[in-house]
Amino acid sequence: MSLNLFIIGPSGCGKSTQAKLIAEKYNLTHISTGQLLRDEIAAGTGFGLEAKAYIDQGKLVPDDLVFDVLVAKLKTIDYQNFIIDGFPRLLNQGKIVEYYLKKQSKPFSLLIHLTVTFEEITARRAKMGVEFQDKDRSDNTPEAIASRQQFYDDGIISIRDYFESKGTFFEVDGNRPVEPIFEDIVTQIEKIK
Ligand code: ADP
């Protein structure tokens, strides 16, 4: 059986740290939709050009563009054994990816939601300064950060309701050090494997 995971949470919550650890432990391909889009920008593609304006403002990149780059990547790994970081951001993205996987006869194994309070994220940012963020990212402005948080707040409620009802949702308290969070996620993955 393939293991197809998703991890979401507010900007700066540490989801890519967890995604990397999970990918390593279960031998999965780690895909970050944000990174895929930044790669397009770096490569100077049409997709990248279009995505840049949204990203720099901390807005969501339109679904069709995100899906073009994401599905192209998924194709290369036969739509399985991955952890996708930063996706879905909207319920509709979740439903569409479910549909893609179903069409390929692949399971939507689990959506992990890493909860971290805005206060905790702000405190981590203040403590670690620029090191906290990737200095190469052009969307590290206070305005873009606030906008990302707003989009997250708007999307998470309907995403949680829907995937909870499907039994494919796992929420983990991210206001803790890396190790206990990782342990809790592993315990949950072991239950569904
Ligand atoms: P962060 O964790 O700080 O939000 P990401 O690298 O996950 O960083 O995302 C950076 C930006 O990429 C987002 O603000 C958004 O513009 C774009 N992006 C990433 N994933 C998606 C997605 N699933 N749908 C739409 N836009 C996305």
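Whatever order the structure lists them in is the order used to number ligands and atoms, beginning at 1.
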- [ ] Please state whether the rings of His113 and Tyr152 are parallel, tilted or perpendicular, taking 30° and 60° as the class boundaries.
- [x]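 If you compare the ring of His113 with that of Tyr152, the planes turn out tilted.
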
Kindly confirm or rule out an N or O of [X] lying under 3.5 angstrom from an N or O of ligand 1.
X     : value
Ser11 : yes
Val61 : yes
Gly86 : yes

- [ ] May I ask you to decide whether Lys102 forms a salt bridge with Glu98, counting only side-chain N to carboxylate O separations under 4.0 Å?
- [x] no

Open item on the list: For atom 22 (C) of ligand 1, which of the options Arg89, Gln149, Lys52 provides the nearest non-hydrogen atom?
Closed with: Arg89

Task: Nearest-option assignment for atom 12 (O) of ligand 1, heavy atoms, candidates Leu65, Ile41, Ile55 - done: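 Heavy atom nearest to atom 12 (O) of ligand 1 belongs to Ile55.
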
Residue-level breakdown please: for [X] versus ligand 1, do any non-hydrogen atoms fall below 4.0 Å on the side chain, on the backbone, on both, or on neither?
X     : result
Val66 : side chain
Asp85 : neither
Lys15 : side chain

Against heavy atoms of [X], which atoms of ligand 1 measure under 4.0 Å?
X      : value
Lys59  : 15 (C), 16 (O)
Arg148 : 1 (P), 3 (O), 4 (O), 14 (O)
Gln93  : 22 (C), 23 (N), 24 (N), 25 (C)
Thr33  : 19 (C), 20 (N), 21 (C), 23 (N)

Polar side-chain atom of [X] near backbone of [Y] as donor-acceptor pair, under 3.5 Å:
X      : Y      : result
Thr115 : Val172 : yes
Asn4   : Pro107 : yes
Lys59  : Gln57  : no

- [ ] Using a 4.5 Å cut-off on heavy atoms from C-beta on, say whether the side chain of Lys52 contacts that of Ser138.
- [x] yes

- [ ] Would you indicate whether the side-chain heavy atoms of Arg124 and Val116 approach each other to under 4.5 Å?
- [x]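 Side-chain contact under 4.5 Å: yes.
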
Task: No-hydrogen, no-angle side-chain donor-acceptor test under 3.5 Å, Lys95 and Tyr99 - done: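 Short answer, no.
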
Task: Residue pair Asp39 / Gln35, side-chain donor-acceptor N/O under 3.5 Å - done: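 Asp39 vs Gln35: donor-acceptor pair found between side chains.
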
Open item on the list: In this structure, does ligand 1 have an atom that sits under 4.0 Å from one of the heavy atoms of Gln57?
Closed with: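 Flag not set, Gln57 not near ligand 1.
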
